[in-house]
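Chain naming here is simple, since letters A, B, ... match the order of the sequence lines and numbering starts at 1 in each.
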There are 2 protein chains.
Amino acid sequence: MGDTPGSTGIGGEPTLEEQIAAYQREFQDLDPQVEKIVSALSRLNRRMNVAYGRQTAALGISNADWEVLKALVLSGAPYRMGPSELAKRLGLTPAAMTHRIDRMVAEDLVTRKRDETNRVRVIVELTTEGREKWLEAMRLATVFEEDLLQDLSADDRTALGDVLTRLLRRVEHAQPDAGGRLTDLD
Amino acid sequence: MGDTPGSTGIGGEPTLEEQIAAYQREFQDLDPQVEKIVSALSRLNRRMNVAYGRQTAALGISNADWEVLKALVLSGAPYRMGPSELAKRLGLTPAAMTHRIDRMVAEDLVTRKRDETNRVRVIVELTTEGREKWLEAMRLATVFEEDLLQDLSADDRTALGDVLTRLLRRVEHAQPDAGGRLTDLD
DNA sequence: AAGATAAATTTCGAAGCTAAACAGTACACT
DNA sequence: AGTGTACTGTTTAGCTTCGAAATTTATCTT
């Protein structure tokens with residue numbers, strides 16, 4: 001089960017090899033090869049999330065903020081979305097999204113205004129400051145990512161990208177989309 | 001920056017290719033190859049976390065519970081640890097760990113007793129029910145993991161495992177251990 | 001016009017965390 | 001022995017964020 005759910009492993013964390021050995025002791029039918037991949041994936045992602053978290057924190061925004069900024073930028077051009085759309089996208093309730101937008105408006109990352117063409121709706125729009133924060137975060141991230149992959153040749157990279165997308169397709173197919181909010185950082 | 005921090009992307013999530021294209025539009029100097037790897041890693045991990053979360057939920061335990069169970073099992077043999085040790089390992093304060101242990105004692109996943117050889121300390125010990133829950137979770141996880149990797153040959157698997165551990169070594173070296181609790185699931 | 005439907009917000013409460021103060025114990029040093 | 005110091009774990013108080021349910025406002029249907 002790799003690292004399976006929970007754990008941050010910051011203190012006296014065992015090495016990957018130690019951990020796999022321990023799992024094998026405690027759980028007989030464990031494929032070490034599979035476990036190695038899964039555990040490495042988990043650990044890698046945790047370290048990446050920590051790094052990203054530091055970067056956004058350095059920019060003075062929370063991970064929650066980041067999620068919203070990203071969704072808005074990905075929506076393209078005028079960078080506008082409705083709260084319920086955002087809520088669905090991020091996997092939380094409209095109520096929670098209202099609260100989150102409140103905070104982000106206060107931080108001047110987004111604006112909120114009624115949609116005059118359909119006054120039931122609300123338009124959340126990225127501010128220039130919000131967009132700037134996103135850009136800064138991207139700049140920091142690319143540095144980190146290039147650093148992370150520095151040992152891999154171009155061929156290694158394409159190979160890795162292909163394998164990962166293959167796995168991704170598999171898991172997305174198995175688990176179409178059914179939402180579940182699990183405190184992800186992705 | 002891949003998905004960088006936050007996001008769950010459950011609703012009308014763009015495909016990986018769409019997302020990379022969008023990022024390139026919004027952020028000129030982006031290496032698509034790097035982005036593909038990083039985004040795939042992020043998405044893959046999110047899906048895995050969702051899957052693991054469902055499994056533990058099906059067993060009636062929370063992700064918080066899971067973290068503690070895992071640490072205790074990894075500690076080996078008598079499955080005992082002190083609260084502060086656990087707190088360090090999981091990256092939270094001793095106070096938070098006290099609360100968490102309270103809950104887990106109520107759920108009969110662990111026991112708490114004073115260490116009579118050194119009455120300052122407290123011993124948190126896995127119950128048989130706690131161990132059983134861990135085993136069940138492992139069983140569920142191995143099924144999922146084998147399913148995830150079904151398209152990969154044995155050679156693919158060793159290659160992937162090697163590349164991932166290489167990346168992991170890189171990031172662990174760069175970011176030795178400095179703790180940061182970022183709501184990870186690993 | 002009257003409901004039905006939908007979007008967003010408000011209110012209330014729960015979960016989980018941290019910081020700070022506190023209590024109990026062990027150990028070192030005189 | 002006695003005292004100071006350090007450390008462990010718990011308690012308390014407060015904060016942040018989220019969810020559920022009720023509420024408001026606007027639109028659509030018939």
In whole angstroms, how far is the P atom of D/dT8 from the CD atom of B/Glu85?
11 Å
Using OP1 and OP2 only, check whether a side-chain N or O of A/Arg103 sits under 4.0 Å from D/dC18.
yes
Rounded distance in Å - CG (A/Asn118) to C1' (C/dA8)
12 Å
Donor-acceptor pair between B/Asp65 and B/Ser62 side chains, under 3.5 angstrom
yes
Side chain of A/Ala95 (C-beta onward), nearest among C/dT25, D/dC18, C/dT10
C/dT10
Can you identify which nucleotide, out of C/dC17, C/dA7, D/dT8, has its nearest atom closest to the B/Ala96 side chain?
C/dC17
Do you know which two heavy atoms are closest between B/Gln33 and A/Ala154, and how far apart they sit?
NE2-O, 3.2 Å
For D/dC18, does OP1 or OP2 lie under 4.0 Å from any side-chain N or O of A/Arg100?
yes
Which of these nucleotides, D/dT11, C/dA7, C/dT25, is closest to any side-chain atom of B/Thr98?
D/dT11
Take the angle between the ring planes of A/Trp134 and A/Trp66 and call it parallel below 30°, perpendicular above 60°, tilted in between.
parallel
side-chain contact (heavy atoms from CB on, under 4.5 Å) for A/Leu140 and A/Thr56? Distances and angles first, verdict last.
CA-CA 9 Å; A/Leu140 291 178; A/Thr56 51; over 6 Å; no
Residue B/His99, side-chain atoms from C-beta onward, closest of C/dT9, D/dT10, C/dT18
C/dT18
B/Val120 has a side chain; which of D/dA13, D/dT27, D/dC7 sits nearest to it?
D/dC7
Counting side-chain heavy atoms from CB outward, which of C/dA7, D/dA26, C/dC17 is closest to B/Leu92?
C/dC17
How many whole angstroms separate atom CG of B/Asp115 from atom P of D/dT10?
13 Å
If I take atom CD in residue A/Glu107 and atom P in nucleotide D/dT16, what distance separates them, rounded to the nearest angstrom?
12 Å
By nearest heavy atom, map A/Ser62 and A/Arg119 onto DNA chain D; which one lands nearer the 5' end?
A/Ser62
Can you tell me if A/Thr93 touches the phosphate of D/dC18, counting only side-chain N or O atoms and a distance under 4.0 Å to OP1 or OP2?
no
Would you indicate what B/Pro83 reaches in the nucleic acid, counting non-hydrogen atoms under 4.0 angstrom: base, sugar-phosphate, or nothing?
sugar-phosphate
What is the distance from CD1 of B/Ile101 to P of C/dA15, rounded to the nearest Å?
19 Å
Is a donor from one side chain sitting under 3.5 angstrom from an acceptor on the other, for A/Asp115 and A/Thr117?
yes
Which whole-number value in Å describes the distance from B/Arg112 CZ to D/dT10 C1'?
9 Å
So, is A/Arg114 near the phosphate of D/dA26, with a side-chain N or O under 4.0 Å from OP1 or OP2?
no
Would you please confirm or rule out a distance under 4.0 Å between OP1 or OP2 of D/dT8 and any side-chain N or O of B/Ser84?
no
Rounded to the nearest Å, what distance is computed from the CD atom of residue A/Glu67 to the P atom of nucleotide D/dT17?
12 Å
Tell me whether the side-chain N/O atoms of A/Arg121 come closer than 4.0 Å to OP1 or OP2 in D/dT25.
no
Rounded to whole Å, CG of A/Leu86 lies from P of C/dA8 at a distance of 9 Å
Any side-chain donor-acceptor pair under 3.5 Å between A/Tyr52 and A/Glu145?
yes
